[in-house]
Amino acid sequence: MHGHGHGHSPSHDGHDHDHDHEHPTGLKGFLYGLFVPHSHDAADAIDDAMEASSAGIRALKISMAILLVTTILQAVVVVFSGSVALLADTVHNFSDALTAVPLWVAFALGRRAATRRYTYGFGRAEDLAGLFIVFVVLLSAIVAAWQSIERILNPQPLHNIGWVIVAGVIGFLGNEAVAIYRIRVGRRIGSAALVTDGVHARTDGFTSLAVVLGGLGVLAGFPLADPIVGVLISIAIFVLLIGTVRSIGRRLLDGIEPELVERAEHALSHVEGIDRIDRIRLRWVGHRLEGDAIVSTAGDPALVSAAAEASARGHLHNLDEFLVAVRPITGG
């Protein structure tokens, strides 16, 4: 039986979630899962760094094309309907399409080899792109709120309401397809920024449904329903931004999901010769993991170190660099 300097036993299935960050359940848990999903799925992770980056770029290309088509269709309806709620939704969809560009650049940068100046490589560019995405979403929400408030103060007639409702449905379908795709790929490759971009798309999808509600309100004889929905869309986006800012900020501060630390502990605890795990550190660099560990052994330090590193890589598919320092145990 091994001792552990961490003060808690490792998870033997690699998926123990008994942490101090348990997620809410019920309706709140459902909404949390929709808009603040995990940024990794270690069971289905991609091992190779280049393959992971290629998967991320492919996801961005396809989703950007879908969103541009969705935006064009909605913009046409905005022109001959005058709906500010639909305008807000269209602006969000266009900004969502544009956020793929810096993330695309970040994935491409992440492929570059480390230099003497950037000795850890360029993977962190991905998290900076995530911050840019948050800024773009915030800016689009402010623009939408301004347009909607202006329309409440100076009401104008809304035309072709049926087409507005159709455009809202198109916006929802296009955004939800993109959200599912981006979040799924982001989880597989461990990219918090790509998951954030997927959450952004999902948010826009639900704002499109809000546009439909605004159109139905106008049909029911309440003309201010359209700009009021535009304001509500903006407020909802402000609230949802809190979760995405927290996720990206945690990455920039080298925060790590506790279950990944437990998985690393599980990997090392079964390596023959390790008597005690003194320390484990992990951090994300973009969508790849790196870290180190200190272990104590009475065996051959070189053999134990090599076996420990191999075991850690076998349990953490996103893991690149993982150095194991060995402290020899001598005497009785």
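Every value quoted in this text rests on a predicted model; they were computed, and no experiment measured them. Residue indices begin at 1 and follow the sequence shown.
Taking Ile, Leu, Val, Met, Phe, Trp and Tyr as members and joining any whose side-chain heavy atoms lie under 4.5 Å apart, directly or through other members, the hydrophobic cluster of Y118 also contains V105, L109, F122. L213 belongs to no multi-residue hydrophobic cluster, having no ILVMFWY side-chain contact under 4.5 Å with any other such residue.
Legend: salt bridge (charged side-chain N to carboxylate O under 4.0 Å, His left out) pairs involving residues 64-76, not counting sequence neighbours: none detected.
Between the side chains of N175 and T70, no donor-acceptor pair is found at a separation under 3.5 Å.
Linking Ile, Leu, Val, Met, Phe, Trp and Tyr whenever their side-chain heavy atoms come within less than 4.5 Å puts L73 and V166 in one cluster. By the criterion of side-chain heavy atoms lying less than 4.5 angstrom apart, applied directly or through intervening Ile, Leu, Val, Met, Phe, Trp or Tyr residues, V78 is grouped together with L68 in one hydrophobic cluster. Under a hydrophobic clustering in which Ile, Leu, Val, Met, Phe, Trp and Tyr are joined whenever their side-chain heavy atoms come within less than 4.5 Å, directly or via other members, V324 and V271 fall into the same cluster. Both V185 and I66 sit in one connected hydrophobic cluster of ILVMFWY residues. Membership requires side-chain heavy atoms under 4.5 Å apart, directly or through other members. In the hydrophobic clustering of this structure, I256 groups with F322; members are Ile, Leu, Val, Met, Phe, Trp, Tyr whose side-chain heavy atoms approach within less than 4.5 Å, directly or through other members.
What you find for R124 and V285 is that their closest heavy atoms are N-CG1, 3.9 Å. Closest of all the heavy-atom pairs between L60 and W104 is CD1-N, 3.5 Å.
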Determine, step by step, whether E257 and L282 satisfy the side-chain contact (heavy atoms from CB on, under 4.5 Å) criterion, reporting the C-alpha distance in whole Å, the side-chain angles of both residues, the deciding distance to 0.1 Å, and the verdict. CA-CA 9 Å; E257 295 83 351; L282 290 170; over 6 Å; no
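With sequence neighbours left out, I72 forms a side-chain contact (heavy atoms from CB on, under 4.5 Å) with no residue at all. For L173, the side-chain contact (heavy atoms from CB on, under 4.5 Å) criterion is met by V169, not counting sequence neighbours. Partners of I228 according to the side-chain contact (heavy atoms from CB on, under 4.5 Å) rule, which considers only residues two or more places apart in sequence or in another chain, are I152, F222, L224, L232.
Between F132 and F135, the angle of the ring planes lies from 30° to 60°, which puts this pair in the tilted group.
For R327 and D275, the salt-bridge test fails: no basic side-chain N is under 4.0 Å from an acidic carboxylate O.
No side-chain heavy atom of V304 sits less than 4.5 Å from a side-chain heavy atom of D300.
Each of I274, V295, I294 was compared with V326 under the side-chain contact (heavy atoms from CB on, under 4.5 Å) criterion, and only V295 meets it.
Shown here is R184, whose CZ atom has no more than 12 heavy atoms of other residues, nucleotides or ligands within 6.0 Å.
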